Amino acid sequence: MYGKKTTSFRVDKSIELSKCATREDFGVSDKKLKKDLESIREELGDFQDTLYAHSKYSVLICLQGMDSAGKDSLIREVFKDFNARGVVVHSFKVPTKLELGHDFLWRHYIALPAKGKFGVFNRTHYENVLVTRVHPEYILGEHIPGIHSVSDIDQKFWNKRFEQINNFERHIAESGTIVFKFFLHLSKEEQRLRLLRRLELKRKNWKFSPADLEERKLWDTYQKFYEEAINETSKPHAPWYVIPADNKKEARVIVASVLLEELKKYKDIKEPELDDKIKANLAKYKEQLEKEV
C-alpha cells in the first residue's frame, strides 16, 4: 500500500496517541486514492459473497473516533459494493431504558453479525469505557450492585470492565467472528475545521450540536482514556488499528486495505462444493431447462 505495510497501523504493543500520526501522506493524488479504493472495495464485495456462501465465519468491524472523525462517510464509501443482504450497520446511541435494564454488553451482543455476514458498529461497546469515564455519572444509570455514587467507581471498576470486554471479544472470536477495531485518529485542529464546515454548509447544519463544543473542551481527557482503552484491549484475536484520519480519502484506503489483506489470510473461506450427485447431473438439469423454451 504505497510502500507502507498495513500492519504498521496495528497496535501490537503499548502506544502513546500523541506520538501517532493523524495524517499519512502517501504522495498520491485524490484521483488515485479514489481509483484504488474502488478496486479494493470490489474485491471486498467479492469476498463478502464468498463469506455468505461459506457461512461459517462472520466479520465484526468496530469504528471509534472523536466527533467528526469520518465514521459515517467511511462506512458509506468502503462498503459501497457490498450486497445489502450481507452487511448490517449499527449506530449505538445513548442506551435506552430497555438496554439499561441489562448488562452493558447486552445490546452489542444481540447486534452481532450472523455467520456469513459483516457487521459494522458505528460507535461500539467501547463507549462504556470512554464516554462513561469522562462522565462517570452515566454509570449510575446502569444500576450496578455496589455502585451507589461516582466515588464508588474506581480504577478497579474500569480494569474489570476492560477484562469483561476482552472476554467478550475472545468468546466471539473463538466462535468464528473475525474482529477488527479501528480508531480514527483525528487532530484537534482538523476537528475544529470540520465542525466549522458543519456550521458553514447549510446541508450539514443538522449534524451540529452545541454539545459538540462542550465535549471538545474535554479533548485531552478523551485522548487519555482512548489510549488506555486501546492499550488494554488490543489483542491478537481482536486487534486495534490506529488510523490517521485527518485525510478522509487516505483513511478509507487504509481501512479497506487492512480488511482485504487480513481477510485474504483465511484460506478456508471458500464457496461450498456442490454435492457429487448434483454435479454429475448438471448437464441433465441444463438440458431440462433448455427444453422449456
Side-chain angles (χ1 to χ4, degrees), residues 1 4-24 58-67 69-71 74-75 78 89-92 104-105 108-109 111-113 118-134 158-174 177-187 219-248 250-263 265-266:
M1 185 183 63
K4 184 136 188 173
K5 293 182 179 180
T6 56
T7 52
S8 65
F9 302 101
R10 189 174 64 209
V11 177
D12 294 320
K13 58 184 179 180
S14 185
I15 61 160
E16 293 180 43
L17 278 180
S18 62
K19 295 181 179 179
C20 295
T22 60
R23 183 178 293 272
E24 186 69 41
S58 58
V59 179
L60 175 64
I61 297 156
C62 299
L63 298 177
Q64 285 287 160
M66 296 294 286
D67 187 45
K71 297 182 293 295
L74 185 146
I75 292 169
V78 171
V89 179
H90 291 274
S91 296
F92 292 100
F104 78 95
L105 287 169
H108 305 285
Y109 194 92
L112 288 172
F118 276 69
V120 183
F121 284 1
N122 183 358
R123 296 193 183 279
T124 72
H125 43 293
Y126 284 93
E127 294 292 290
N128 297 282
V129 289
L130 293 167
V131 174
T132 52
R133 290 200 77 180
V134 178
W158 298 114
N159 290 343
K160 185 65 176 178
R161 192 153 276 199
F162 288 138
E163 181 184 354
Q164 291 165 340
I165 288 174
N166 283 329
N167 289 338
F168 165 67
E169 292 175 350
R170 184 180 300 108
H171 168 64
I172 63 174
E174 290 174 352
T177 300
I178 304 168
V179 183
F180 295 91
K181 300 180 297 194
F182 297 103
F183 172 58
L184 302 185
H185 191 26
L186 188 71
S187 69
W219 181 275
D220 291 340
T221 304
Y222 271 105
Q223 296 298 301
K224 173 186 175 183
F225 291 143
Y226 260 115
E227 184 178 292
E228 183 177 356
I230 291 169
N231 286 331
E232 291 291 333
T233 62
S234 192
K235 306 295 181 182
H237 58 271
W240 274 103
Y241 292 83
V242 176
I243 308 298
D246 280 2
N247 183 316
K248 289 185 178 183
E250 289 182 343
R252 295 165 191 163
V253 170
I254 295 171
V255 168
S257 297
V258 168
L259 290 173
L260 184 60
E261 187 172 308
E262 292 301 313
L263 290 172
K265 294 178 181 178
Y266 289 81

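What you see is a predicted model; the values in this text were computed from it and never measured. Sequence positions, counted from 1, serve as the residue numbers for this chain. Side-chain atoms are counted along with the backbone in the values below, which use heavy atoms only and exclude waters and symmetry mates.
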Requested in this report: Heavy atoms only: give me the nearest W219-L186 pair and the separation to one decimal.
Outcome: CZ2-O, 3.2 Å
Report summary line: salt bridge (Lys or Arg N to Asp or Glu O under 4.0 Å) filter on E163, not counting sequence neighbours, yields K160
**Report entry** Residue list, ring-ring contact (aromatic ring centres under 6.0 Å, His included) with H185, at least two apart or on another chain
**Finding:** F183
Query - Residue list, side chain to side chain donor-acceptor pair (under 3.5 Å) with T124, at least two apart or on another chain - result: Q64
**Report entry** Qualifying residues under salt bridge (Lys or Arg N to Asp or Glu O under 4.0 Å), relative to E127, sequence neighbours excluded
**Finding:** R123
Using atom types as modelled, flag every donor-acceptor pair under 3.5 Å from a side chain in residues 236-243 to any protein atom, sequence neighbours excluded.
residue : atom : partner : partner atom : Å
W240    : NE1  : T233    : OG1          : 2.9

Query - Y109: partners by ring-ring contact (aromatic ring centres under 6.0 Å, His included), with sequence neighbours left out - result: none
Report task. Determine the minimum heavy-atom distance between P244 and I254, stating which atoms define it. Result -> CD-CD1, 4.1 Å
Query raised in the report: Got F118 and L259 here, is their nearest side-chain heavy-atom distance under 4.5 Å?
Result: no
Report task. Step by step, work out the side chain to side chain contact (heavy atoms under 4.5 Å, CB included) result for C20 and I15. Result -> CA-CA 8 Å; C20 295; I15 61 160; 4.2 Å; yes
Query raised in the report: Counting distance only, does the side-chain N/O of S234 pair as donor-acceptor with the main-chain N or O of I230 below 3.5 Å?
Result: no
Report summary line: Shortest non-hydrogen pair, A251 vs A245, comes out as CB-CA, 4.2 Å
Query - All pairs passing salt bridge (Lys or Arg N to Asp or Glu O under 4.0 Å) where residues 164-174 contributes a residue, at least two apart - result: E169-K181
Report task. Can you see which heavy atom on N128 is nearest to which on H108, and at what distance? Result -> ND2-NE2, 3.7 Å
Query raised in the report: With E228, which residues qualify under side chain to side chain donor-acceptor pair (under 3.5 Å), at least two apart?
Result: R133, Q155
Query - Partner residues of D67 under the salt bridge (Lys or Arg N to Asp or Glu O under 4.0 Å) criterion, sequence neighbours left out - result: R198
**Report entry** Partners meeting side chain to side chain donor-acceptor pair (under 3.5 Å) with Q223 (sequence neighbours left out)
**Finding:** none
Query raised in the report: Is any NZ, NE, NH1 or NH2 atom of the basic residue among E262 and K265 found under 4.0 Å from an Asp or Glu carboxylate oxygen of the other?
Result: yes
Query raised in the report: Below 4.5 Å, heavy atoms only, C-beta onward: do V258 and F182 meet side chain to side chain?
Result: yes
Report summary line: R161 and V129 have their tightest heavy-atom pair at CG-CG1, 3.5 Å
Report summary line: Hits for ring-ring contact (aromatic ring centres under 6.0 Å, His included) against F168, two or more places apart or cross-chain, chain-then-number order -> H125
Query - Non-neighbouring partners of K13 that pass salt bridge (Lys or Arg N to Asp or Glu O under 4.0 Å), sequence neighbours left out - result: none
